[in-house]
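Accompanying notes for the structure given below.
The sequence lines fix the lettering, A, B, ..., with proteins before strands; numbering per chain opens at 1. Because the structure is predicted, anything quoted here is derived from the model rather than measured.
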There are 2 protein chains.
Amino acid sequence: MRTEGRAKRLPRAVRERQIMDAAVDVFSRLGFHSASMDEISEVAGISKPMLYAYLGSKEELFATCIRREATRMMEAIATGVEPDQEPDVQLWSGLRAFFGFVGENRASWMVLHRQASSQGGPFAVELMDMRARAVSLVAALLTQSTKAPATKLEAESLAAALVGAGESLADWWLDHPEEPAGVVAARLMNLVWMGFGDLVDGNVWHPPSRR
Amino acid sequence: MRTEGRAKRLPRAVRERQIMDAAVDVFSRLGFHSASMDEISEVAGISKPMLYAYLGSKEELFATCIRREATRMMEAIATGVEPDQEPDVQLWSGLRAFFGFVGENRASWMVLHRQASSQGGPFAVELMDMRARAVSLVAALLTQSTKAPATKLEAESLAAALVGAGESLADWWLDHPEEPAGVVAARLMNLVWMGFGDLVDGNVWHPPSRR
DNA sequence: CAGTAGTCTTACTCGTGAGTAGGTACCAGG
DNA sequence: CCTGGTACCTACTCACGAGTAAGACTACTG
């Protein structure tokens with residue numbers, strides 16, 4: 001296995017992709033600190049100086065990973081959501097897109113959610129930036145559709161709670177992969193749209209057919 | 001400042017408490033990996049070998065911190081909750097106790113939520129254990145009070161979502177400390193009990209007076 | 001078939017931090 | 001005033017991992 005001498009010559013862009021993929025994999029498994037540049041270079045099938053030549057320091061590499069994965073995820077959600085619809089439909093499509101992305105791309109999700117948020121450095125900035133975009137998206141959805149005089153703070157905190165519920169449920173889902181994405185998404189939709197109060201009485205929210 | 005020579009002689013139990021307090025403080029600020037035993041010993045006003053003599057290795061120390069803080073927190077919640085009440089009242093009192101604990105004990109919360117969950121090792125076990133207890137508490141509450149034939153998996157995932165929402169909102173709260181605990185708790189209560197659907201229509205849940 | 005630009009490597013340096021060896025001060029009870 | 005025993009210290013060892021120096025290999029260009 002360790003018999004590979006020199007790696008095959010490849011154009012820079014291709015190598016950079018390989019390295020990033022390896023980095024996301026290793027960071028997701030080991031976390032930022034425990035991950036070593038040696039291991040990343042090994043997984044990428046390349047030697048360490050290449051890593052430094054192409055992607056800079058360990059911190060830069062990590063930040064680049066976060067940026068890439070965050071962008072991929074936000075694009076997936078943006079693509080999935082349907083604007084100019086009723087609030088509940090918008091929320092529903094957003095949730096579906098989110099859980100769809102997490103279902104594939106488990107490693108990406110680990111890096112984004114677990115690792116990035118626990119490092120205090122410049123990473124949290126990148127991450128919180130994305131998270132803030134998600135939160136204000138939901139907050140806007142809430143504000144525009146509510147009739148009650150909700151304050152900015154109120155909408156924001158509710159949105160934070162909802163986003164957190166999504167994150168947490170995604171984590172839970174990682175341990176129960178037998179459930180399909182749609183089911184999990186629908187469950188969260190029911191919780192945040194109907195509330196326990198209604199669920200207890202047997203009133204549920206129905207997604208597709210009507211409309 | 002660095003002029004202290006020898007520390008005053010104290011009984012072991014007292015020193016252990018001091019060390020634990022220092023450890024929670026440092027771990028919460030720096031995270032597990034970045035925290036050094038040197039700094040912990042410094043903050044505790046003691047030298048490194050004492051640390052090893054009393055609390056063992058770094059990992060043992062961290063695990064002990066988690067266990068202590070988790071226990072403190074679960075006790076706080078258990079004390080605050082009111083059994084033999086309507087489901088919504090039980091949930092409400094649980095939420096109040098939770099946010100009350102986080103309000104004081106910020107450091108404890110950081111260690112528990114951010115640090116412990118991001119380390120894959122034996123720590124996650126400790127933590128997930130406590131989290132599982134919280135989740136099944138909520139799941140039981142849900143199951144016993146619902147009329148719909150909710151599956152075990154369904155109740156569990158909803159509970160996970162709720163717990164996650166609480167955690168996330170607690171994190172958000174750390175950045176907006178101006179809000180009192182009760183307000184934040186009430187907001188989450190509204191979200192999970194009434195749901196956005198009702199909130200949008202201006203129907204809110206009222207906590208105390210009636211009953 | 002030079003020359004040169006970009007890919008790739010081996011083999012180091014050097015700081016940092018976990019864990020320890022081998023003591024010194026202080027307080028019993030005899 | 002000796003004799004332990006427990007709290008406490010200074011000053012190390014040693015591994016591991018980030019980052020680098022210096023050069024070798026390949027391929028295209030005139």
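Of the residues in residues 48-56 of chain A, those lying under 4.0 Å from DNA chain C by heavy-atom distance are A:P49, A:M50, A:Y54. The stretch residues 16-31 of chain A has no heavy atom under 4.0 angstrom from DNA chain C at all.
Of all non-hydrogen atoms in A:W92 and A:A185, the two that sit nearest each other are CZ3-C, 3.7 Å. Residues A:F101 and A:E69 share a closest heavy-atom pair of CZ-O, 4.2 Å.
Taking atom CG of B:D38 as the reference point, atom C1' of D:dC9 lies 14 Å away to the nearest angstrom. In this entry the distance linking CD of A:E39 with C1' of D:dA18 reads 15 Å, nearest Å. Look at NE2 on A:H33: it is 13 Å from C1' on D:dA18, rounded to the nearest Å. Whole-Å rounding puts the B:E60 CD to C:dA18 C1' distance at 13 Å. The distance between atom NZ of B:K58 and atom P of C:dA18, rounded to the nearest whole Å, is 4 Å. A straight line from CD of B:E59 to P of C:dG17 spans 17 Å, rounded to a whole angstrom. Taking atom CD of residue B:E42 and atom C1' of nucleotide C:dG17, one finds them 14 Å apart after rounding to whole Å. Atom NZ of B:K8 is separated from atom C1' of C:dT24 by 20 Å (rounded to the nearest Å).
Note on B:R72 versus B:E75: no salt bridge recorded, every NZ/NE/NH1/NH2 to OD/OE distance being 4.0 Å or above. Using a cut-off of 4.0 Å between Lys/Arg side-chain N and Asp/Glu carboxylate O, B:R68 and B:E16 are scored as not salt-bridged.
Residue A:R15 places no side-chain N or O under 4.0 Å from the OP1 or OP2 atom of C:dG6.
Looking at heavy atoms from C-beta onward, A:M20 lies in side-chain contact with A:L55 at the 4.5 angstrom threshold.
Checking D:dG19, D:dA7, C:dG19 against the side-chain heavy atoms of B:R12 singles out D:dA7 as nearest.
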request  = Quick one: do A:W109 and A:F99 satisfy ring-ring contact (aromatic ring centres under 6.0 Å, His included)? Show the steps, please.
outcome  = CA-CA 10 Å; A:W109 175 246; A:F99 282 100; 8.8 Å; no

query = side-chain contact (heavy atoms from CB on, under 4.5 Å) between A:I46 and A:Q18: does it pass, once the steps are laid out?
reply = CA-CA 9 Å; A:I46 211 181; A:Q18 289 183 355; over 6 Å; no

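Toward the 5′ end of DNA chain C lies the nearest nucleotide of B:S36, the other residue of the pair B:S36 and B:R9 mapping further downstream.
By the 30° and 60° cut-offs, the orientation of the rings of A:F62 relative to A:F27 is perpendicular.
The closest donor-acceptor contact from the side chain of B:K152 to the backbone of B:A139 lies at 3.5 Å or more, if one exists at all.
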